[in-house]
Amino acid sequence: QVQPVESGGGLVQAGGSLKLSCVASGRTFPNYPMGWFRQAPGKEREFVAGINWNGDTISYTDSVKGRFTISRDNAKNTGYLQMNSLKPEDTAVYYCVIDGEYTANYYYPTFWGRGTQVTVSS
């Protein structure tokens with residue numbers, strides 16, 4: 001069992017930056033893909049970014065390309081999402097996900113964190 005725990009959310013003005021972190025319990029984190037999903041009020045949960053176990057495969061949803069960067073530090077069992085040039089439409093609860101089936105074209109994760117709120121004011 002792997003439990004992701006997110007941190008780093010908060011309130012930021014449009015154009016600002018935030019860095020989310022995801023710490024995963026369990027010794028097998030380096031073996032797993034991981035990623036981030038988000039859910040805005042009244043909308044379905046959507047994929048944001050994914051990364052495979054060694055960083056060779058990375059993917060983003062179109063709306064965040066060029067603004068968000070996903071990364072991981074396997075020695076620290078930690079993943080990150082650097083978010084720059086934030087927009088009000090990025091406001092959502094952001095969930096860290098680990099393991100599951102991941103390719104550059106889709107991600108069906110197994111383990112979900114509880115989420116961290118990101119609010120971008122205009």
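Looking only at distances, no side-chain donor or acceptor of Thr119 sits under 3.5 Å from a matching main-chain atom of Leu11. A donor-acceptor pair under 3.5 Å links the side-chain atoms of Glu6 to the main chain of Gly115, judged by distance alone. Not a single donor-acceptor pair under 3.5 Å links the side chain of Asn77 to the backbone N or O of Ser25.
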Task: Verdict with reasoning, Tyr106 to Glu101, per side chain to side chain donor-acceptor pair (under 3.5 Å) - done: CA-CA 8 Å; Tyr106 61 84; Glu101 187 175 352; 2.7 Å; yes
Open item on the list: One pair to check against side chain to side chain donor-acceptor pair (under 3.5 Å): Thr91 and Glu89. What are the steps and the verdict?
Closed with: CA-CA 5 Å; Thr91 295; Glu89 51 263 44; over 6 Å; no
- [ ] Could you check Tyr60 against Thr69 for side chain to side chain contact (heavy atoms under 4.5 Å, CB included), going step by step and ending with a plain yes or no?
- [x] CA-CA 9 Å; Tyr60 300 94; Thr69 302; 3.9 Å; yes
Task: Candidate pair Phe47 and Phe37, rule ring-ring contact (aromatic ring centres under 6.0 Å, His included), full reasoning - done: CA-CA 4 Å; Phe47 169 80; Phe37 282 67; 5.6 Å; yes
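No more than 12 heavy-atom neighbours from other residues, nucleotides or ligands sit within 6.0 angstrom of CH2 on Trp53.
With sequence neighbours left out, Asp90 forms a salt bridge (Lys or Arg N to Asp or Glu O under 4.0 Å) with Arg38, Arg67. Residues meeting the ring-ring contact (aromatic ring centres under 6.0 Å, His included) test with Tyr107, sequence neighbours left out: Tyr102. Partners of Phe68 according to the ring-ring contact (aromatic ring centres under 6.0 Å, His included) rule, which considers only residues two or more places apart in sequence or in another chain, do not exist here.
For Ala14 against Ser122, the heavy-atom pair with the smallest separation is CB-CA, 4.4 Å. Looking at every heavy atom in both residues, Leu81 comes nearest to Ala49 through CD1-CB, 4.2 Å. What you find for Thr78 and Phe29 is that their closest heavy atoms are N-CE2, 3.6 Å. Looking at every heavy atom in both residues, Val2 comes nearest to Pro4 through O-CD, 3.5 Å. Closest heavy-atom contact between Ile98 and Cys22: CD1-SG, 4.4 Å.
Cation-pi check for Arg45 over Tyr95 is met; the charged atom lies under 6.0 angstrom from the ring centroid and within 45 degrees of its normal.
Side-chain contact check for Asn84 and Ser17: at least one donor-acceptor pair (N or O, by modelled atom type) lies under 3.5 Å.
Side chains of Met34 and Arg72 form a contact here, defined as non-hydrogen atoms less than 4.5 Å apart.
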